[in-house]
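The chains referred to below are lettered A, B, ... by the order of the sequence lines, with proteins before strands, and numbering in each begins at 1. In this text, all values refer to a predicted model and were calculated from it rather than measured experimentally.
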2 protein chains.
Amino acid sequence: MISCPKCSEVGSIMKAGYVRNKQRYVCKDCNYFFTLSNPDQTTPRKNSRRHQTTIIDIARSTGVSNSTVSRALHGHADISPETRNAVLEMAAQLDYQPNQLAYNLVKSRTNTIGMIVPEFTNSFFPNIIIGAHELLIEAGYNLTIMQSNESYPIEVSNTKAMLANRIDGLLISLTQETNNYDHLKVFEKRGIPLVLFNRVCDYVSAPKVVVNDFEGSFLAVEHLILNGYDRIAHLGGPLNLLVSRERLRGYRAAMEKYGKTIEENMVIQGMFSQQKARIYGKYLLDLENRPDAIFAVNDSSAIEIMLMALEKGIRIPDELGVVGFSDNPESAYIGPGLTTIRQPTNEIGKTSAQWILQLIESEEELILPNEKVLKTELIVRGSSRRNRSLIINSEFG
Amino acid sequence: MISCPKCSEVGSIMKAGYVRNKQRYVCKDCNYFFTLSNPDQTTPRKNSRRHQTTIIDIARSTGVSNSTVSRALHGHADISPETRNAVLEMAAQLDYQPNQLAYNLVKSRTNTIGMIVPEFTNSFFPNIIIGAHELLIEAGYNLTIMQSNESYPIEVSNTKAMLANRIDGLLISLTQETNNYDHLKVFEKRGIPLVLFNRVCDYVSAPKVVVNDFEGSFLAVEHLILNGYDRIAHLGGPLNLLVSRERLRGYRAAMEKYGKTIEENMVIQGMFSQQKARIYGKYLLDLENRPDAIFAVNDSSAIEIMLMALEKGIRIPDELGVVGFSDNPESAYIGPGLTTIRQPTNEIGKTSAQWILQLIESEEELILPNEKVLKTELIVRGSSRRNRSLIINSEFG
DNA sequence: AACGTATCCGCAAACGTTACCGATACTTTT
DNA sequence: AAAAGTATCGGTAACGTTTGCGGATACGTT
């Protein structure tokens, strides 16, 4: 009853064990092993998922070949206007959507550039994203954004995902925890363009887009000194970040230039977080000989300090001058206004995007300047202006 | 000199035109057409791009087949521990990174869900993103974010890109311009899960995550009335957005409940933009019988109004009460503080993400509640509090 | 021996597209 | 009319994975 699929013999068939719960047979004649496939299962269609129309569908419906359809869709040569129109019409009719995945696979490029930012909580990184996004869209690229949430492991996993998804280039701003850069070196080895911005590091030979943190910091502290503040504290960021080191350097340089002595117990470096800002701020304000001004590494820390000063009844700017960094939107509105250093966020995004595009589209090794340093701007508001006649910004009384 | 590749004949070869600028020949004997491929070009290697190690490379180096490597890498069955280890070791040695593109193609799913937001400028959408991101990452999904920049064409192009990239699901908040929803219906037809949040619309049968705009709006206006304001204006949003309509409805309901007459020239619906806010705000404040309070559709408009009032010397909250919507971070700091309606942004993101995951991972058609309405919260600050004894929030004097 | 079972591994077909190359029919030149 | 050129289309091998199905041992059991 059972005949060998090979030699059609019937007599020499014998059982030969089970494979995946199916009886196996062997033909003693031709030594052919086989199982009987039961075609009774109701042929579960091509795919249970709804079938997306493909180029092949169009080809079948139009009566041409896949290659012709592909040519028609891409406006390539070697095709007559009639067939092209027929194909396009059929494509519209069948509601064809190209499968970018297949395209990417064969071209091994995705037209997507990735961006990893440490956080989203204030408008700083979003503004950078906006700047970069605009340029990239214009150049025909998509932007995939991931946020590392200031966590090194997440940053690593993000870069891995970016690699697996074969992005054409990466824009990244590092976590405050990041001390190891192997996950970035992979990109070098793979030849995938990389641009660091804002939170950069040495040790990676990629172009960097930063602002002149040193100068900005210097300006901030100089401004405080010129307004008569003397004993200026610095609430800094984590020292593994270049920005923190540069801002510290600017602080020290300004203090030195004007002959102010730096009291080292008033220079604190810590993580970026509201909680830390409160803790360090409390420490500074509770010193028995407390500083008469504080230069904070970012606006949110500065604002925390302002709020604490308010609670303690310390008058700003008379008893305490405060300067932040970055010009968050809320800084314009808080109390007398927070003096701060504006960063050209949009420009950071734009130049980063521009560079990554250049790196991608240059066939050969492109030598880019290693670093672009953008200028910062001092925004003077009430939190540091002892001379009240200078008031120009709008404020509530 | 030229011999036929087929029959090796020499005498019967003749030219037969050009193909892509290369001389073509035909053998009269065997009627075989051919061009001479010149192998003198320096064999440009497999790919000019650096070769990424693939599963095939591992297979060759280990001496097993592709399938075995694949099984080893994924921890599947049908493989001995020794070979598995050997493969894994070789994979590590060759620094193998899986090609997600190929994987996605064969599985026709990307483990990526897309998110389209209208803008990034304030912290509202970023906070939603944070909430969604957290859940998605935990569930093993990636998040691709695009911003439509409040432009309908960009929104359409974004959805197209998402479709082409075969995202597994889409979270979208509509543009203020969006009046046509065909680009969303495509997702329905394709069977790709879709969740609308915040800026939703009817006409699309997808679950929606919104806040109780009506209630929030009602609370805001009621609060104004209870603080003694009488002639309350409303600066609303574009009426094609449900949020705008709901907030308008809440405004009207509160006014009606307390028997206040609505002066229709003090109800303005417009686009979300700082410029528009200034124009409409100026109009309201310049009315010869100007309102004594303004309920604005969002905080940035409210802040614009506060600033204009300041310029004009109108005292807040004594001469003018102001309430916004959304509780942007700067609202806590501006002047006397802006009373506003807080939206649970994080929760919006989380429930949206949760729903999209359920929709994706449910095999069958899943019936989800059509809508989730999250609660809002009234945050009372100085801009609307005529009874000064109630002050509790910290403020600068 | 003859048969049954379990384990491990390879083959090859998908997934949807692109691009190289060959093939045909037709037009133009010599 | 042969030869050469042009325009248009099809065949097919990639791209890198996954996976169903079988083949081939090795070992245990009648």
Side-chain angles (χ1 to χ4, degrees), chain A residues 5 14-26 28 31-35 37 46-47 51-59 63-74 76-84 87 96-109 164 166, chain B residues 5 14-26 28 31-35 37 46-47 51-59 63-74 76-84 87 96-109 164 166:
Chain A
M14 25 179 52
K15 293 188 180 178
Y18 283 92
V19 179
R20 260 167 288 269
N21 290 331
K22 290 203 302 191
Q23 182 63 253
R24 256 178 102 224
Y25 302 91
V26 62
K28 285 315 237 179
N31 202 35
Y32 178 67
F33 284 79
F34 61 93
T35 67
S37 56
K46 203 59 168 293
N47 224 338
H51 179 67
Q52 315 250 122
T53 75
T54 76
I55 276 191
I56 303 178
D57 297 324
I58 303 179
V64 296
S65 74
N66 308 348
S67 1
T68 306
V69 175
S70 176
R71 275 189 292 255
L73 291 173
H74 287 62
H76 277 200
D78 278 10
I79 191 166
S80 71
E82 298 88 51
T83 43
R84 191 211 317 283
V87 167
Y96 168 75
Q97 292 283 10
N99 189 329
Q100 192 74 27
L101 270 47
Y103 178 87
N104 291 343
L105 179 59
V106 60
K107 303 284 273 187
S108 80
R109 74 191 309 244
R166 296 296 194 272
Chain B
M14 27 179 51
K15 294 187 179 177
Y18 283 92
V19 178
R20 261 166 288 270
N21 291 332
K22 289 205 300 192
Q23 183 59 253
R24 255 179 100 229
Y25 303 91
V26 61
K28 285 313 234 180
N31 202 34
Y32 179 67
F33 284 80
F34 61 93
T35 65
S37 56
K46 200 60 165 295
N47 223 341
H51 180 67
Q52 315 248 122
T53 76
T54 77
I55 276 192
I56 303 178
D57 298 324
I58 303 177
V64 296
S65 74
N66 309 346
S67 9
T68 306
V69 176
S70 175
R71 276 190 287 257
L73 292 174
H74 287 59
H76 278 198
D78 277 9
I79 190 167
S80 72
E82 300 87 50
T83 42
R84 191 211 317 281
V87 167
Y96 168 75
Q97 291 284 9
N99 188 328
Q100 192 74 27
L101 269 44
Y103 177 88
N104 291 343
L105 180 59
V106 60
K107 304 283 272 188
S108 81
R109 73 191 311 246
R166 295 295 192 274

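Residue Ser70(B) places at least one side-chain N or O closer than 4.0 Å to OP1 or OP2 of dT18(D). Within the structure, a side-chain polar atom (N or O) of Ser65(B) is placed less than 4.0 Å from OP1 or OP2 of dG10(C). Side-chain N/O atoms of Lys107(B) include one lying less than 4.0 angstrom from OP1 or OP2 on dT19(D). OP1 or OP2 of dC9(C) lies within a sub-4.0 Å distance of a side-chain N or O belonging to Thr83(B). At the phosphate of dA14(D), neither OP1 nor OP2 sits under 4.0 Å from any side-chain N or O atom of Tyr103(A).
One donor-acceptor pair, N or O on each side, does fall under 3.5 Å between the base of dG11(D) and the side chain of Ser67(A). A donor and an acceptor atom never sit less than 3.5 Å apart when one is taken from the side chain of Arg166(B) and the other from the base of dG16(C).
Both Leu105(A) and Gly63(B) sit near DNA chain C, but only Gly63(B) has its closest nucleotide nearer the 5' end. In this structure, Ser80(B) and Ile55(A) both approach DNA chain C, and ranking their closest nucleotides by distance from the 5' end singles out Ser80(B). Taking the nucleotide of DNA chain D with the nearest heavy atom to each of Thr53(B) and Ile79(A), the more 5' of the two is matched to Ile79(A).
Set against dC8(C), dT17(D), dA19(C), the side chain of His76(A) has dA19(C) as its closest nucleotide. If you check dT8(D), dT19(D), dC9(D) against the side chain of Thr68(A), the one that comes closest is dC9(D). The side chain of Arg71(A) lies closest to dG10(D) when the candidates are dC9(C), dT18(C), dG10(D). Each of dG10(C), dT17(D), dC15(D) was ranked by its minimum atom distance to the side chain of Val106(B); first place goes to dT17(D). In the set dT17(C), dC9(D), dT18(C), the nucleotide with an atom closest to the side chain of Ala102(A) is dT17(C). Each of dG20(D), dC9(D), dG16(D) was ranked by its minimum atom distance to the side chain of Asn99(B); first place goes to dG16(D).
Shortest non-hydrogen contact noted between Tyr96(B) and Leu73(B) is CE2-CD1, 3.6 Å. Counting all heavy atoms, side chain and backbone alike, Leu101(B) lies closest to Leu105(A) at CD2-N, 4.1 Å.
The closest side-chain heavy-atom distance from Val87(B) to Arg84(B) is not below 4.5 Å.
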